[in-house]
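Each chain gets a letter, A, B and so on, in the order the sequences are listed, and its residues count up from 1.
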2 protein chains.
Amino acid sequence: MRLVIAQCSVDYAGRLSAHLPLATRLLMLKSDGSLLVHSDGGSYKPLNWMSPPCSLAVSQPDELQVEAGITELWTVTHAKTADQLIVSIYEVQHDSAHELGVDPGLIKDGVEAHLQKLLAEHIHLLGDGHTLVRREYMTAIGPVDILARDASGASVAVELKRRGDIDGVEQLTRYLELMNRDPHLAPVVGVFAAQQIKPQARMLAEDRGIRCLVLDYDAMRGLDDTASKLF
Amino acid sequence: MRLVIAQCSVDYAGRLSAHLPLATRLLMLKSDGSLLVHSDGGSYKPLNWMSPPCSLAVSQPDELQVEAGITELWTVTHAKTADQLIVSIYEVQHDSAHELGVDPGLIKDGVEAHLQKLLAEHIHLLGDGHTLVRREYMTAIGPVDILARDASGASVAVELKRRGDIDGVEQLTRYLELMNRDPHLAPVVGVFAAQQIKPQARMLAEDRGIRCLVLDYDAMRGLDDTASKLF
DNA sequence: GTGTGTATCTCGTTC
DNA sequence: GAACGAGGTACACAC
């Protein structure tokens with residue numbers, strides 16, 4: 001990895017056109033040829049960038065560009081899409097290279113998958129007398145997160161989200177429509193379960209006869225811990 | 001901005017838990033206190049990070065940690081959510097600080113907005129005899145990208161996307177449902193227009209009687225150039 | 001402020 | 001490899 005702090009302007013031409021006026025920025029050149037242009041603020045997203053696979057070509061500025069103060073031109077071209085990023089370098093304040101090696105990568109732990117597991121293990125949270133049929137119940141248009149049966153034996157399709165949005169209600173609606181055509185399953189009622197359900201989503205769901213269930217992740221983990229300790 | 005290349009391990013505890021095993025990485029400390037942990041590959045997303053507003057506290061390792069080879073502990077805490085990122089620093093290979101100043105920011109040019117403008121200007125692309133009513137036609141549930149009339153005088157609602165996905169079809173369906181209840185507008189037919197329409201989205205759209213229209217952005221820009229030159 | 005829609009989204013997983 | 005869903009999504013814009 002090469003780190004360059006330099007006064008530069010940047011032009012991107014690809015899926016859109018974008019321009020960065022002259023300012024001092026960090027240019028991060030990764031060993032796969034990719035380039036990130038970072039400012040000293042904002043979030044983790046660079047101001048501009050080129051994703052791998054791509055290649056860097058350094059060239060000399062022409063006379064006009066030299067007069068303007070440009071000392072080097074970096075042209076980064078994407079291997080497949082022909083997107084281009086052109087960095088016009090003025091003054092370089094820092095330039096260093098470092099060997100980092102391959103990264104072992106991130107180990108993640110629990111979000112929706114964990115919620116699904118917890119709800120499946122504590123299916124009574126759906127209501128008294130509910131039994132689990134299975135997780136990831138496959139339909140022609142995709143997997144339903146949880147399929148259960150209620151006390152009366154009716155099928156219950158559960159769509160799980162961390163944050164319950166209108167999209168999730170639409171998704172569940174499509175599943176319900178399909179599943180209610182299947183005589184083995186029908187009647188199927190829907191439950192929209194999430195840690196947080198947005199008002200618009202709740203409105204839409206309830207308008208369509210879908211029950212909303214707000215889940216308390218921490219409380220569910222507590223249940224899990226208790227269960228682990230007891231058995 | 002401070003740049004540190006160091007052997008480190010990283011633990012994040014917040015909306016999820018994540019761990020990065022010991023390896024050499026770039027630690028980018030921005031002046032707003034935020035921290036990015038980058039490896040020498042992948043795209044612009046850091047392996048781990050803390051977004052502003054947050055604060056960094058440097059502390060000394062305890063005896064056990066010193067024995068393990070840890071020389072410094074960085075604890076980055078988010079001001080509001082209390083998310084925490086803990087960086088255990090082993091060997092530091094590089095450490096430099098730089099003054100960058102405030103960035104003037106990115107100037108973007110055209111994607112969906114440009115597509116919308118172009119289609120509105122060349123409304124005949126919808127079919128012969130079509131006339132524009134208006135762009136961003138407001139309804140109770142949001143703006144329809146383009147409202148037009150076809151040769152027979154029927155209303156045409158156009159939903160525009162760069163990439164036509166199932167979500168876009170759902171969105172247009174909601175608009176159509178609402179607009180068809182308005183006697184001033186009904187009957188309203190739908191057109192789903194995008195540079196690329198995914199098979200599933202096309203299927204869903206056509207099943208609902210929505211016409212799909214694939215747009216050629218470059219050709220449309222060509223039309224625009226010609227028009228600009230002629231008039 | 002919150003809510004909504006887009007993204008040069010990125011990143012996984014599945015088919 | 002394509003497609004689909006999720007994200008510690010981020011980001012801009014409307015209300």
B:Tyr137 OH - D:dA14 C1' separation (whole Å): 19 Å

Listed partners of A:Ser155 passing side-chain contact (heavy atoms from CB on, under 4.5 Å), at least two apart: A:Leu147, A:Arg149, A:Leu185, A:Val188

Rounded distance in Å - CG (A:Asp145) to P (D:dG5): 11 Å

Heteroatom pairs (N/O) under 3.5 angstrom, protein to nucleotides 1-4 of chain D:
unit_1 : atom_1 : unit_2   : atom_2 : d
D:dC4  : OP1    : B:Gln200 : OE1    : 3.2
D:dC4  : OP1    : B:Gln200 : NE2    : 3.1

Pull out every protein N or O sitting under 3.5 Å from an N or O of nucleotides 11-15 of chain C, one pair per line with the distance.
unit_1 : atom_1 : unit_2  : atom_2 : d
C:dC11 : OP1    : B:Ser43 : OG     : 3.2
C:dC11 : OP2    : B:Ser43 : OG     : 2.8

Spacing of A:Glu170 atom CD relative to D:dG5 atom P, expressed in whole Å: 13 Å

Residue list, side-chain contact (heavy atoms from CB on, under 4.5 Å) with A:Ser39, at least two apart or on another chain: A:Leu47, B:Asp103

Protein-nucleotide distance (B:His78, atom NE2; D:dA10, atom C1'), rounded to Å: 13 Å

A:Thr173: partners by side chain to side chain donor-acceptor pair (under 3.5 Å), with sequence neighbours left out: A:Arg208

Value in whole Å for how far the C1' atom of D:dA6 lies from CD of A:Glu136: 13 Å

Counterpart residues, ring pair (Phe, Tyr, Trp, His ring centres under 6.0 Å), relative to B:Trp74 (two or more places apart): none

Sugar-phosphate, base or nothing in reach of A:Met50, heavy atoms under 4.0 Å: nothing

Interatomic distance where CG belongs to B:Leu106 and C1' belongs to D:dC11 [whole Å]: 12 Å

For A:Leu132, side-chain contact (heavy atoms from CB on, under 4.5 Å) partners two or more places apart: A:Ala120, A:Ile123, A:Ile146

Separation of C:dA7 P from B:Lys161 NZ (nearest whole Å): 8 Å

B:Ser34 versus B:Met50, closest heavy-atom pair with distance: CB-O, 3.2 Å

Protein-nucleotide distance (A:Lys30, atom NZ; C:dT10, atom P), rounded to Å: 12 Å

Results of side-chain contact (heavy atoms from CB on, under 4.5 Å) for A:Arg211 - residues two or more places apart only: A:His130, A:Val191

Along DNA chain C (nearest heavy atom to each residue), the more 5'-positioned of B:Tyr175 and A:Trp49: B:Tyr175

Contacts of B:His78 that satisfy side chain to side chain donor-acceptor pair (under 3.5 Å) - sequence neighbours left out: B:Thr81

Sugar-phosphate, base or nothing in reach of B:Ser51, heavy atoms under 4.0 Å: base

Pair A:Arg202 + A:Glu206: basic N to acidic O under 4.0 Å: yes

